[in-house]
Amino acid sequence: MPIKPLVSIITPSYNSALTIRKTIKSVINQTLIDWEMIIVDDNSTDNSCQIIEEYMSIDSRIQLIKQNWNAGPAIVRNIAIEKAKGQYIAFLDSDDLWHSEKLTKQISFMKEKNIALSYTAYNRIDSMGNILSAYHPKLQVSYIDMLKSNRIGCLTAIYDADKLGKVYMPNISKRQDLGLWLKILKKVDYAWGLDDILADYLAIQPNSVSSNKKNAAKYQWRLYREIEKLSVAQSLYYFCFYAYLGFKKSK
């Protein structure tokens, strides 16, 4: 009978050949060794899968699931969540990095405090690995807090599937991670943060579609109305917070 891993790491991959090596190495270098890494390739057209398979051949904890059509990040992550066997579900995109003590410190924190959903501080880096800034989140957030602003970096989040069951992302093109945190925060009162920088987030380039503020605002509104089923008045109320806090962050 296969041994159940403690942590399942959910990694979507699409044309990630330039970054996936460093991402995988940051997982292999974890001081906590009881993990599985489930990489779901979303029908890449580069040699991402070949690189992943190289690491699979030397580390049996790494798995690859290949999609034969481009499904998008929510579906791809949900495929990995469905396959996950670990008590703890962690998220790491194919262009982000973990510091070596990330899992050790965060899982210890969750066990000690009996936490269902946790997150940490992280660095924003450029493509050369230079630190642009550090993000230190609010260390306790509720459902209402998260409607106002997403305080949880996806690359830092871990939830306890033994406490919550499997919880999946809503199938929207953007803000699917926020949709997941909101789902969880309907089950528990708070998520808790650890104010240690334990990950590096590759900052979005200026010409990226994701960096388009109008596009981001559209999906934030859709999340309020279509996923959370808020009224127009409620959506406007929380959208004002979202816009104001986003403006402050960008200054």
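Residues T23 and L97 share a closest heavy-atom pair of N-CD2, 3.7 Å. Between I51 and A17 the shortest heavy-atom distance is CD1-O, 3.6 Å. Across all their heavy atoms, T31 and E101 have their closest contact at CG2-OE2, 3.3 Å. What you find for H136 and D195 is that their closest heavy atoms are ND1-OD1, 2.6 Å. Between Y135 and N150 the shortest heavy-atom distance is OH-O, 4.4 Å. Across every non-hydrogen atom of Q30 and L103, the tightest pair is OE1-N, 3.0 Å.
For L236, the CG atom sits in a packed shell: over 12 heavy atoms of surrounding residues, nucleotides or ligands are nearer than 6.0 Å. Within a 6.0 Å sphere centred on OH of Y143, other residues, nucleotides and ligands contribute more than 12 heavy atoms. The environment of NZ in K113 is sparse: at most 12 heavy-atom neighbours from other residues, nucleotides or ligands sit within 6.0 Å. In the displayed structure, K22 atom NZ is contacted under 6.0 Å by at most 12 heavy atoms of other residues, nucleotides or ligands. For K83, the NZ atom counts as loosely surrounded, since its 6.0 Å shell holds 12 or fewer non-hydrogen atoms of other residues, nucleotides or ligands.
Looking only at side-chain heavy atoms (C-beta outward), L180 and Y168 stay at 4.5 Å or farther from each other. At a threshold of 4.5 Å between non-hydrogen side-chain atoms, the residues V188 and L164 count as touching. Residues T120 and Q106 meet the side-chain proximity criterion, which asks for heavy atoms closer than 4.5 Å. Side-chain atoms of Q87 and V7, non-hydrogen and from C-beta on, never get closer than 4.5 Å to each other. F241 is not listed as a side-chain neighbour of F239, based on a closest heavy-atom distance of 4.5 Å or more. Two residues are said to be in side-chain contact when any heavy atoms from C-beta on lie closer than 4.5 Å; R61 and M37 fail this criterion. S13 has its side chain out of reach of V40: every pair of non-hydrogen atoms, C-beta onward, lies at least 4.5 Å apart. Contact check for L147 versus L230: side-chain heavy atoms found under the 4.5 Å cut-off.
Checked options I52, N47, D93; the residue passing with I20 is I52 (criterion: side-chain contact (heavy atoms from CB on, under 4.5 Å)).
Using a distance-only test at 3.5 Å, with no hydrogens or angles considered, no donor-acceptor pair links the side chain of D59 to the main chain of Y55. Although no hydrogens or angles enter the test, the distance criterion places a donor-acceptor pair under 3.5 Å between the side chain of T104 and the main chain of L32. In this structure a side-chain-to-backbone donor-acceptor pair under 3.5 Å is missing from N123 to I131. Not one N or O on the side chain of N70 forms a donor-acceptor pair closer than 3.5 Å with the backbone of N43. A distance-only check finds a donor-acceptor pair linking the side chain of K166 to the backbone of E82 [under 3.5 Å]. Looking only at distances, no side-chain donor or acceptor of S108 sits under 3.5 Å from a matching main-chain atom of K105. Judged purely by atom type and a 3.5 angstrom limit, D160 uses its side chain to pair as donor or acceptor with the backbone of D162. Checking side-chain atoms of S8 against main-chain N and O of G86 turns up a donor-acceptor pair under 3.5 Å. No donor-acceptor distance shorter than 3.5 angstrom exists from the side chain of Y190 to the backbone of I115, with no hydrogens or angles considered. Looking only at distances, no side-chain donor or acceptor of D196 sits under 3.5 Å from a matching main-chain atom of A121.
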Q.
Between Y122 and L155, does the side chain to side chain contact (heavy atoms under 4.5 Å, CB included) criterion hold? Intermediate values first, please.
A. CA-CA 9 Å; Y122 60 90; L155 75 163; 4.3 Å; yes
Q | Intermediate values then yes/no, side chain to side chain contact (heavy atoms under 4.5 Å, CB included), L92 and V27 | A | CA-CA 9 Å; L92 178 64; V27 174; 3.5 Å; yes
**Q.** Trace of the side chain to side chain contact (heavy atoms under 4.5 Å, CB included) decision for I62 with I24
**A.** CA-CA 9 Å; I62 300 167; I24 294 173; 3.6 Å; yes
Q: Dump the intermediate steps for side chain to side chain contact (heavy atoms under 4.5 Å, CB included) on I65 and I79, then the final yes or no.
A: CA-CA 9 Å; I65 301 170; I79 289 169; 4.2 Å; yes
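Taking CD1 of I144 as the reference point, atom CG of L182 lies at 9.5 Å (rounded to 0.5 Å). Separation of atoms NZ (K174) and CZ (R222) is listed at 12.0 Å; rounding is to 0.5 Å. The distance from the CD1 atom of I10 to the CD atom of E36 is 7.5 Å, given to the nearest 0.5 Å. Within the model, atoms OH of Y201 and OG of S133 stand 10.5 Å from one another, a figure rounded to the nearest 0.5 Å. From S44, atom OG reaches atom CG of N15 across 4.5 Å, with rounding to the nearest 0.5 Å. Rounding to the nearest 0.5 angstrom, the gap separating the OG atom in S16 from the CG atom in D46 is 6.5 Å.
I227 is connected to V141 through a chain of hydrophobic side-chain contacts under 4.5 Å among Ile, Leu, Val, Met, Phe, Trp and Tyr, so both are in one cluster. Linking Ile, Leu, Val, Met, Phe, Trp and Tyr residues whenever their side-chain heavy atoms come within less than 4.5 Å leaves W69 and Y14 in two separate clusters. If you chain together hydrophobic residues whose side chains sit under 4.5 Å apart, L139 and I152 never meet in one group. Hydrophobic cluster membership is shared by L117 and L178, with clusters built from Ile, Leu, Val, Met, Phe, Trp and Tyr side chains linked at under 4.5 angstrom. Put simply, V167 and I89 are part of the same group of oily side chains (I, L, V, M, F, W, Y) that touch within less than 4.5 Å, one to the next.
Aromatic ring centres of Y238 and Y242 lie farther apart than the 6.0 Å criterion allows.
The ring pair (Phe, Tyr, Trp, His ring centres under 6.0 Å) analysis of residues 82-111, with sequence neighbours excluded, yields the pairs F91-W181.
Ion pair R151/D145 not flagged as a salt bridge, since none of the NZ, NE, NH1 or NH2 atoms sits closer than 4.0 Å to an Asp/Glu carboxylate oxygen. Taking 4.0 Å as the cut-off between side-chain N and carboxylate O, K183 and E228 do not count as a salt-bridged pair.
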